[in-house]
2 protein chains.
Amino acid sequence: MADVDVPPGYEPREYPPFAVTVDLVVLTVQDDRLVVLLVERGERPLGLALPGGFVRPDEDLVDAARRELREEAGLSAPGHLEQLGTYGAPARDPRMRVVTVAYLVLAPDLPAPVAGTDARAARWVPVDSFGQGQRDTVPPLAFDHDEIVRDGVERARSKLEYTPLGAAFCPREFTVAELRRVYETVWGRTLDPRNFHRKVTGTAGFLTPTGRTTTRDGGRPAQLYRVGSLVTLYPPMLRQGA
Amino acid sequence: MADVDVPPGYEPREYPPFAVTVDLVVLTVQDDRLVVLLVERGERPLGLALPGGFVRPDEDLVDAARRELREEAGLSAPGHLEQLGTYGAPARDPRMRVVTVAYLVLAPDLPAPVAGTDARAARWVPVDSFGQGQRDTVPPLAFDHDEIVRDGVERARSKLEYTPLGAAFCPREFTVAELRRVYETVWGRTLDPRNFHRKVTGTAGFLTPTGRTTTRDGGRPAQLYRVGSLVTLYPPMLRQGA
DNA sequence: GCAAAAGTGTTGCTGTTACACCCATGG
DNA sequence: CCATGGGTGTAACAGCAACACTTTTGC
């Protein structure tokens, strides 16, 4: 209740200074698995962590996220970027007081390796490894990044229910089946191909037909689509039910 | 790309210092209107603003939110508190670089006046005043607080769809009709009393019957309920549809 | 009794599920 | 021709909207 409690308007430096960072939960679908981008830290605390870094003095938070995405993940045009949440427990970073604003990025599977201009090694890691249970393959992440990854995955799962954001995981042009496999991977369940097709093609604004077709998935040629103008899906597509 | 870009691990003070605040969007229902708590600022920039204040050096963000809620709103047991989002545009505060973490609070209509221990005058203001249209009654809020209020209201509206959080606006024991009026007020539409009753009483875990009844709403005595253990409502209750 | 509000029954609509079936390609 | 996946038709079912109707109080 001391001087930190007086109303704002005095000398800036009277208020406790914090470091502010952005961290990125970059998700994509690779080989029918939902994976998150992690980087190997060169400093203490060592280990794997989310890509991210300090916000600059005159930089907006979302701009910092976009910059880190470019610098650390080599991504300049993600499918989708949104704020996920802010994590600021006093001891979350052992070195100093850091408040981090986490951003969620949904990206298509990239043909080019995500090396980034940054020297740090980047890895895609399946998110199954972050459940409460088995942590066979991946050691715990640095800081509170395990929690942030879990929150990001849950956000992605629920966003697919009521937005057309599944397409953010797809290339610019994609088939209904490719989109369906994204949903199946993210939700960890199978969906009826016929009903899924009807749902997404029958909802006005979800998909924009290109008129072209492809046979890259085998079988009968499939229509190619781009994302439509729809923002929220009503009624939503629910992940449970079967 | 200068020194702010080196990996973490050096002197804390090499990183740009930010002030971090929490701001509160406290919503309640009064006289069939959804209202938000605002405080009159005594400092520049003058005008109405959200209650809030600086996070202390060793304080968790949510603890800061709870403390400000107690100090500035006189509320110690809100119905619900959750993180809303973080706002950090470089010029959002003309005095210094401030990143604020906004929290959303849903509170029952309080019999006691919300004065708070703080000296600042607190007012409840209908949120209709924050639409794109008419701003007859209320001048624009300080900083970016108009935007934060809009985001909070939208979050509250959608939360009522898929959680039982409408009860957070009600006293500890309430009738189905009282709960319905909360939904009607927050969503700005009428709901069929009979279908609403069936929905909330028929969903296991939504309500806990107390066994008691009341006639405070007139007419036939109504059962009194408390909130149940349910956390997410499946299937959701959708605000549109009629 | 009458007004008011609680609560139940019922019907039709909307949207989903499950699955039979046909279409168009590569081999 | 056959395997593979794309796409349509359809019937059973679930949940919801609309609304007639009964119940229980205050006045």
Side-chain angles (χ1 to χ4, degrees), chain A residues 32 160-162 164 166 170 173-185 187 189-225 230 232-242, chain B residues 32 160-162 164 166 170 173-185 187 189-225 230 232-242:
Chain A
D32 292 330
L160 259 57
E161 295 194 312
Y162 59 94
C170 294
E173 299 195 352
F174 53 90
T175 67
V176 172
E178 287 161 2
L179 182 62
R180 174 173 49 82
R181 276 184 274 277
V182 163
Y183 278 78
E184 291 180 333
T185 302
W187 284 346
R189 57 162 298 199
T190 59
L191 296 169
D192 186 292
R194 296 146 316 192
N195 294 334
F196 184 85
H197 184 279
R198 215 192 323 262
K199 175 76 181 178
V200 298
T201 58
T203 303
F206 197 130
L207 298 178
T208 305
T210 64
R212 283 185 296 285
T213 60
T214 182
T215 57
R216 65 189 177 208
D217 298 331
R220 167 174 167 181
Q223 295 291 322
L224 279 168
Y225 295 90
L230 194 73
T232 36
L233 197 53
Y234 188 88
M237 193 170 0
L238 300 169
R239 51 183 136 165
Q240 45 197 96
Chain B
D32 292 331
L160 259 57
E161 294 194 312
Y162 59 94
C170 294
E173 301 195 351
F174 53 90
T175 68
V176 172
E178 287 160 4
L179 182 62
R180 174 173 50 81
R181 275 184 274 277
V182 164
Y183 278 79
E184 291 180 333
T185 301
W187 285 346
R189 57 163 298 199
T190 59
L191 296 169
D192 187 292
R194 296 140 320 184
N195 293 334
F196 183 86
H197 185 278
R198 215 192 323 264
K199 174 75 181 178
V200 298
T201 57
T203 303
F206 197 131
L207 300 177
T208 305
T210 64
R212 282 185 296 285
T213 61
T214 182
T215 57
R216 65 189 177 207
D217 298 330
R220 169 173 164 181
Q223 295 290 322
L224 280 168
Y225 295 91
L230 194 72
T232 36
L233 197 53
Y234 187 90
M237 192 172 358
L238 300 169
R239 52 183 135 164
Q240 45 196 95

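In this text the structure is predicted, and so the values were computed from the model without any measurement. Every heavy atom of this structure was used, including side-chain atoms; hydrogens, water molecules and symmetry mates were not.
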Could you tell me the separation between the CD atom of Gln223(A) and the P atom of dC23(C), rounded to a whole number of Å?
17 Å
Figure out the CG/P separation between Leu238(A) and dG15(D), and round it to whole Å.
12 Å
Compute the ring centroids of Tyr225(B) and Phe174(B), then answer whether they are less than 6.0 Å apart.
no
Can you tell me the distance, in whole Å, between the CZ atom of Arg216(A) and the C1' atom of dG6(D)?
14 Å
Distance check needed: dG7(C) P versus Arg180(B) CZ, whole Å only.
11 Å
With hydrogens left out and only the distance checked, is there a donor-acceptor pair under 3.5 Å joining Asn195(B)'s side chain and the base of dA18(D)?
yes
Given DNA chain D, 5'-ward residue of the pair Met237(B) and Gly219(B), judged by closest heavy atom
Met237(B)
Between Arg212(B) and Glu173(B), does any NZ, NE, NH1 or NH2 come within less than 4.0 Å of an OD or OE carboxylate oxygen?
yes
side-chain contact (heavy atoms from CB on, under 4.5 Å) with His197(B): which of Leu191(B), Asp192(B), Val176(B)?
Val176(B)
Rounded to whole Å, how long is the line connecting atom CG of Asp192(B) with atom P of dT11(C)?
17 Å
For Pro164(B) against Leu230(B), the heavy-atom pair lying closest together
CG-O, 3.3 Å
Considering only heavy side-chain atoms of Arg194(B), the closest of dA6(C), dC21(D), dA18(C) is dC21(D)
Looking at Arg220(B) and dA6(C), is any side-chain donor or acceptor paired with a base atom of the opposite kind under 3.5 Å?
yes
In whole angstroms, how far is the P atom of dA20(C) from the CZ atom of Arg198(A)?
14 Å
For Lys199(B) and dC16(D), is the shortest distance between a side-chain N/O and OP1 or OP2 below 4.0 Å?
yes
Distance check needed: dG15(C) P versus Leu233(A) CG, whole Å only.
12 Å
Closest approach of Val182(A) and Gly166(A), non-hydrogen atoms and distance?
CG1-O, 3.7 Å
Between dC16(D), dG15(C), dA6(C), which nucleotide gets closest to the side-chain atoms of Asp217(B)?
dA6(C)
When you measure from the side-chain N and O atoms of His197(A) to the phosphate of dG7(D), is any distance below 4.0 Å, counting only OP1 and OP2?
yes
